[in-house]
*Asks:* 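Here you go, one structure.
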2 protein chains.
Amino acid sequence: MQTETTRRRLRELILDGHYPPGSRLGEVEVAGTLGVSRTPVREAFRALTADGLLAGSGRGLRVVRLDAEELAQVYRVRAALEALTAELAAERQRAGRLAPAELADLTELADRTHRATADGELAAGVRLNRAFHRRIAELAANPVALHALDRLWDQIQVSTLRSLRAPARTGLVDAQHRALLDAITAGDPEAAAAAARRHVLDTCAADRPAADDKE
Amino acid sequence: MQTETTRRRLRELILDGHYPPGSRLGEVEVAGTLGVSRTPVREAFRALTADGLLAGSGRGLRVVRLDAEELAQVYRVRAALEALTAELAAERQRAGRLAPAELADLTELADRTHRATADGELAAGVRLNRAFHRRIAELAANPVALHALDRLWDQIQVSTLRSLRAPARTGLVDAQHRALLDAITAGDPEAAAAAARRHVLDTCAADRPAADDKE
DNA sequence: CACATGCTCATTGCATGCAATGCATGCAGA
DNA sequence: TCTGCATGCATTGCATGCAATGAGCATGTG
């Protein structure tokens, strides 16, 4: 079971920025650091490569570094999938399959996200924001979409780590979260899908200036 | 490099139905069959598991067998992604970024798909149909979407292998392919997205009777 | 006769040795 | 000084040994 724990720990290290994009990862080095043999590290590398966090087949794996265009492509797929999950969640709400507690939960996540970001706790804000979006995907009750989104969120998180941007957009983000929330609560699939798509694409546009790649 | 070839060969065997859904795959057995050691087989297993073709954590991997609901969930994600690729392809056409030869190619794929299916060459029809959809995804020029769709197509192909159904729907399928093609050719993203979504969801509905799972 | 329990064996997970490969570095010659 | 080549090294890919674990089966008992 060391393979799985190794995979998890490595993923955390990458998502934390401990291994920033472009870092080179060697089997021996990581095996030594984590105190396991090369085999589980090797398999963890494969898994993370499949998840789109590592790349560079052959000699030397590196943490993926997406350029602006690739990041935009990831965002477009994310927008399509989040439009789907929002639509499905709204459908389930309309069908009466969502418990009030679940919606309350979602509202609280939106609140906490806004508060954390407004208070300047950027790391917590990023985490809560992701939790908010993920909760919607859970309410959609489609594991396939959820899994695909998990991968995309990981990729985006890695590539936008350094640009933990200031809150200027905080108000807009929160307003869009509320709009999405309202559409789901109202059981309006079309509105929910549209709100989700717009929100994600706006976020993409806001992240784009992160094209200050050097090194 | 035996890992990669092993992965490819195993994928082919699974997609061909040589290892039908539910089959149990053992490292030693496959290693013996393919004439390699357990290590590359092991890694190929991991990769195919990540691709959603194998499952069954822990003791004994099996070829995934999706029930009707899971298959429908895959189809909904596929519909969202194919709507996106159709939209992107149409956008590129509108922007004049698609060469006429590329569209001609696509038309020919639609033709050949229709002919093969109408002639009762089901296997060839399935292959060509997939090639048609894939070509659209290629024209969308979004590798992220293309990769995600490749995985979904694989999963669907495995789970609908046994129900290589008769052509009754042939006419409808071809008509929808033409509608999609026309929307892309016309550079109409909304129409293309709608056509793709409807086509995929109709296909899902047609595949649903495959719920005659026993064994 | 059914169910629980203990045993045996197949199968996987992990570690490590060995061979191959690609890269960097340093030296020699132009 | 620059270029080309050769050599050494770091690193990965693959094979295999060993230990652990879970499953299936047989047997004994209620």
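Values in this document were obtained by computation on a predicted structure and should not be read as measured data. Each chain gets a letter, A, B and so on, in the order the sequences are listed, and its residues count up from 1.
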*Asks:* Could you go through B:L146 and B:R134, starting from their C-alpha distance and side-chain angles, then the distance that decides it, and tell me whether this counts as side-chain contact (heavy atoms from CB on, under 4.5 Å)?
*Replies:* CA-CA 8 Å; B:L146 178 60; B:R134 191 172 201 278; 4.0 Å; yes
*Asks:* Once the angle between the rings of A:H199 and A:H133 is folded into 0 to 90°, is it parallel (under 30°), tilted (30 to 60°) or perpendicular (over 60°)?
*Replies:*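 It falls in the parallel class, under 30°.
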*Asks:* Got more than 12 heavy atoms from elsewhere within 6.0 Å of CD, B:E12?
*Replies:*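 Enclosed.
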*Asks:* In whole angstroms, how far is the P atom of D:dG13 from the CZ atom of B:R7?
*Replies:*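 After rounding, the gap between these two atoms is 15 Å.
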*Asks:* Give B:R46 one of three labels, base, sugar-phosphate or nothing, depending on what nucleic acid heavy atoms sit under 4.0 Å from its own.
*Replies:*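 Touches nothing.
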*Asks:* Within the supplied structure, the quantity of interest is the number of heavy atoms (other residues, nucleotides, ligands) at a distance under 6.0 Å from A:R92 CZ; does it exceed 12?
*Replies:*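 Yes, the 6.0 Å shell around CZ holds more than 12 heavy atoms from other groups.
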*Asks:* Within this structure, what is the CD-to-C1' distance between B:E43 and D:dT12, rounded to whole angstrom?
*Replies:*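 After rounding, the gap between these two atoms is 10 Å.
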*Asks:* Take the protein atom CE of A:M1 and the nucleotide atom P of C:dG13, then report the distance between them rounded to whole Å.
*Replies:*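 One finds 12 Å between P of C:dG13 and CE of A:M1, rounded.
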*Asks:* Starting at atom CD of A:E4, determine the distance to atom C1' of C:dT12, rounded to an integer number of angstrom.
*Replies:*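 Going from A:E4 (CD) to C:dT12 (C1'), I get 15 Å.
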*Asks:* Rounded to whole angstroms, how far apart are CD on B:E27 and C1' on C:dA10?
*Replies:*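 Rounded to whole Å, this separation is 12 Å.
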*Asks:* Tell me the interatomic distance from B:E29, atom CD, to C:dT12, atom C1', rounded to whole angstroms.
*Replies:*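 In whole Å, C:dT12 C1' lies 14 Å from B:E29 CD.
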*Asks:* If a pair satisfies salt bridge (Lys or Arg N to Asp or Glu O under 4.0 Å) and one of its residues is in residues 30-39 of chain B, list it, with sequence neighbours excluded.
*Replies:*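 Every pair satisfying salt bridge (Lys or Arg N to Asp or Glu O under 4.0 Å) with a residue in residues 30-39 of chain B: B:E27-B:R38.
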*Asks:* Polar atom pairs between nucleotides 16-21 of chain D and protein, under 3.5 Å, N or O only, would you list them?
*Replies:*
{"unit_1": "D:dT16", "atom_1": "O4", "unit_2": "B:T39", "atom_2": "OG1", "d": "3.4"}
{"unit_1": "D:dG17", "atom_1": "O6", "unit_2": "B:R38", "atom_2": "NH1", "d": "3.4"}
{"unit_1": "D:dT21", "atom_1": "O2", "unit_2": "B:R59", "atom_2": "NH2", "d": "2.2"}

*Asks:* Nearest whole Å is fine: how far is D:dA10 P from A:R24 CZ?
*Replies:*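 So the two atoms are 13 Å apart, to the nearest Å.
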*Asks:* Give a yes or no on whether B:E69 atom CD has more than 12 heavy-atom contacts from other residues, nucleotides or ligands under 6.0 Å away.
*Replies:*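 For B:E69, atom CD is not crowded (no more than 12 foreign heavy atoms under 6.0 Å).
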*Asks:* Rounding to an integer number of Å, can you tell me how far A:F45 CZ sits from D:dG13 P?
*Replies:*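 Distance check: A:F45 CZ to D:dG13 P gives 10 Å.
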*Asks:* Let's see if you can work this out: which of D:dC14, C:dA15, C:dT12 has an atom nearest to the side-chain heavy atoms of A:Q2?
*Replies:*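 Per side-chain heavy atoms of A:Q2, the pick is C:dA15.
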*Asks:* How large an angle, rounded to 10°, do the end axes of the helix from C:dC1-D:dG30 to C:dA30-D:dT1 enclose when each is built from five base pairs?
*Replies:*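 Its terminal axes enclose an angle near 10°.
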*Asks:* Can you tell me if B:E102 uses its side chain to pair, donor with acceptor, with the backbone of B:A99 under 3.5 Å?
*Replies:*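 Indeed, once roles are kept as given, a pair shorter than 3.5 Å links the two residues.
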*Asks:* Determine whether more than 12 heavy atoms belonging to other residues, nucleotides or ligands lie under 6.0 Å from atom CZ of B:R130.
*Replies:*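 More than 12 heavy atoms, drawn from other residues, nucleotides or ligands, come within 6.0 Å of this atom.
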*Asks:* When you measure from the side chain of B:R7 to the backbone N and O of B:R46, does any donor-acceptor pair fall under 3.5 Å?
*Replies:*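 Checking the backbone N and O of B:R46 against the side chain of B:R7, no donor-acceptor pair under 3.5 Å is found.
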